[in-house]
Visitor: 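Quick one: the structure is below, and I'll ask about it shortly.
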Amino acid sequence: MKGKKISIDAYNAIYQFLAAIRQPDGTPLVDSKGRVTSHLSGLFYRTVNLLEEGVTPIYVFDGKPPEMKRGELERRRQVKEEAKLKYEKAKERGDVQSQRKYAAASAYLTDEMVRQSKELLKAMGVPHVQAPAEGEAEAAHIHIQGKSWAVGSQDYDSLLFGAERLIRNLTVTGRRKLPNKEVYVEIKPEILELSNMLRELGITREQLIDVALLVGTDYDPEGVRGFGPKRAYSLVKKYGSLEAAARAGELDLSDLGVDLRELRDAFLNPRVEDVEGELNLGEVDRESVLRLLVEEHDFNEERVASALSRMERAMSELKGSSKQSGLDKWF
DNA sequence: CGCACCGA
DNA sequence: TCGGTGCGG
């Protein structure tokens, strides 16, 4: 992926840092004032690594969530509250493993953390974009407009939003990951290409959206009871659309939690904005990065300085190369 | 999650 | 150079 730009769902990435960068008992990294810094550590070091590998990340931040997502966001809030209670209980009985698990599950990103993250990226000269609504949709839009080579996310939504190329597990270290236990597994980056997927499946993007709606999406998480990936795909493949399946008596559209037309529209016509010009690397503001990380949040100066040096070298090479221009469309 | 360090 | 470990903030 050298010389490529990847539009990354920032919330998705930062949230994962926040959940994962913790001590075995679930304590996150904090500065001397007790403020959480896990997200800054993850964002900083991973971004430096990506730049060193010649990948330019474009971080896309969420805006106002669509009204339809309200229920799901409320549900997630409740799950987090329960996780918080489970964390307290695990702490009482000194169950360190459960502590970590529930601390990760109850992690939440504050507005302050989002502001800090944007400030850090700005100081690093790394482009970021504010989405009007869903970050995932805007990241896909930037890609579709030819301003990034792919979308980077752990979620599959961008494919439904029409992104041609999705990168999952975008890390440099080829890092290990724990499913639930203390078992670490090798995780490799994964490239998914929409047109290849659709060709192999023999369906259109509209039909893939129908499959997703049966299985469940952020806007209607339950989907239709009884439908997982296999049955959903078979049904759509056989009848062509959810309406046709309903007419054949194989499906009751009122089993969807939300109106079908509205659900489809969320993926086919998401609220996105064009971005002006190219999304390129800017200048590294060494002073600001040091002030933010070292002075304000007690990062180790030598570590930050050495990462900054690696980054500056990488960025000058990247900006010098011609691969950076807007020609990196997928065609 | 990623860095630094260590021993093989 | 690689995998394991412990700490980072």
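Numbers restart at 1 for each chain; the letters A, B, ... are given by sequence-line order, proteins then strands.
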Visitor: Would you say A:N300 and A:E302 are linked by a side-chain donor-acceptor pair, where the criterion is simply a distance under 3.5 Å?
Guide: no
Visitor: Is a donor from one side chain sitting under 3.5 angstrom from an acceptor on the other, for A:E136 and A:N12?
Guide: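 Distance-only check fails for A:E136 and A:N12.
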Visitor: What is the distance, to the nearest angstrom, from the CD atom on A:E302 to the C1' atom on C:dG9?
Guide: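 Nearest whole value for this atom pair: 16 Å.
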Visitor: If you look at every strand shown and take non-hydrogen atoms under 4.0 Å, does A:Q23 touch a base, only sugar-phosphate, or nothing?
Guide: base
Visitor: In this structure, how many angstroms lie between the C1' atom of B:dC3 and the CZ atom of A:F17, rounded?
Guide: 14 Å
Visitor: Starting from C1' on C:dG8, measure out to CZ on A:R22 and report it in whole angstrom.
Guide: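 Rounding to the nearest Å, CZ of A:R22 and C1' of C:dG8 are 14 Å apart.
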Visitor: Of the nucleotides C:dG9, B:dG2, C:dG8, which has the atom closest to the A:I21 side chain?
Guide: C:dG8
Visitor: Is A:R35 touching bases, backbone alone, or none of the nucleic acid, heavy atoms closer than 4.0 Å?
Guide: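 Touches nothing.
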Visitor: Less than 4.0 angstrom between a side-chain N/O of A:R310 and OP1 or OP2 of B:dC3, yes or no?
Guide: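 True: A:R310 side-chain N/O within range (under 4.0 Å) of B:dC3 OP1/OP2.
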Visitor: Please assess A:T37 against A:D31 for the test side chain to side chain donor-acceptor pair (under 3.5 Å), listing each intermediate value before the final yes or no.
Guide: CA-CA 7 Å; A:T37 57; A:D31 63 20; over 6 Å; no
Visitor: May I have the distance from A:L29 (atom CG) to C:dC7 (atom C1'), rounded to whole angstrom?
Guide: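 Distance check: A:L29 CG to C:dC7 C1' gives 9 Å.
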Visitor: Does B:dC3 have OP1 or OP2 sitting under 4.0 Å from an N or O in the side chain of A:N49?
Guide: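 Yes.
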Visitor: Can you tell me how far P of C:dC7 sits from CZ of A:R303, to the nearest Å?
Guide: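 Interatomic distance, CZ of A:R303 to P of C:dC7: 12 Å.
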Visitor: I'd like to know if the side chain of A:S98 pairs up with that of A:Y87 as donor and acceptor (distance under 3.5 Å, no hydrogens or angles considered).
Guide: no
Visitor: Using modelled atom types and a 3.5 Å cut-off, is there a donor and acceptor pairing between side-chain atoms of A:R22 and backbone atoms of A:L18?
Guide: yes
Visitor: When you measure from the side chain of A:S41, which nucleotide among C:dG8, C:dG9, B:dG2 comes out closest?
Guide: C:dG8
Visitor: Quickly work out the A:L292 CG to C:dG9 C1' distance and round it to whole Å.
Guide: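 Rounded to the whole Å, the gap is 14 Å.
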Visitor: Provide, to the nearest angstrom, the distance between the CG atom belonging to A:D25 and the P atom belonging to C:dG8.
Guide: 13 Å
Visitor: Just call it for A:P24: base, sugar-phosphate, or nothing, with non-hydrogen atoms closer than 4.0 Å on any strand.
Guide: nothing
Visitor: Would you indicate, yes or no, if B:dG2 has its OP1 or OP2 atom less than 4.0 angstrom from a side-chain nitrogen or oxygen of A:R46?
Guide: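 Answer yes for this pair, as a side-chain N or O of A:R46 is under 4.0 Å from OP1 or OP2.
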Visitor: Calculate the interatomic distance between A:Q16 atom CD and B:dG2 atom C1'; express it in whole Å.
Guide: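 One finds 15 Å between C1' of B:dG2 and CD of A:Q16, rounded.
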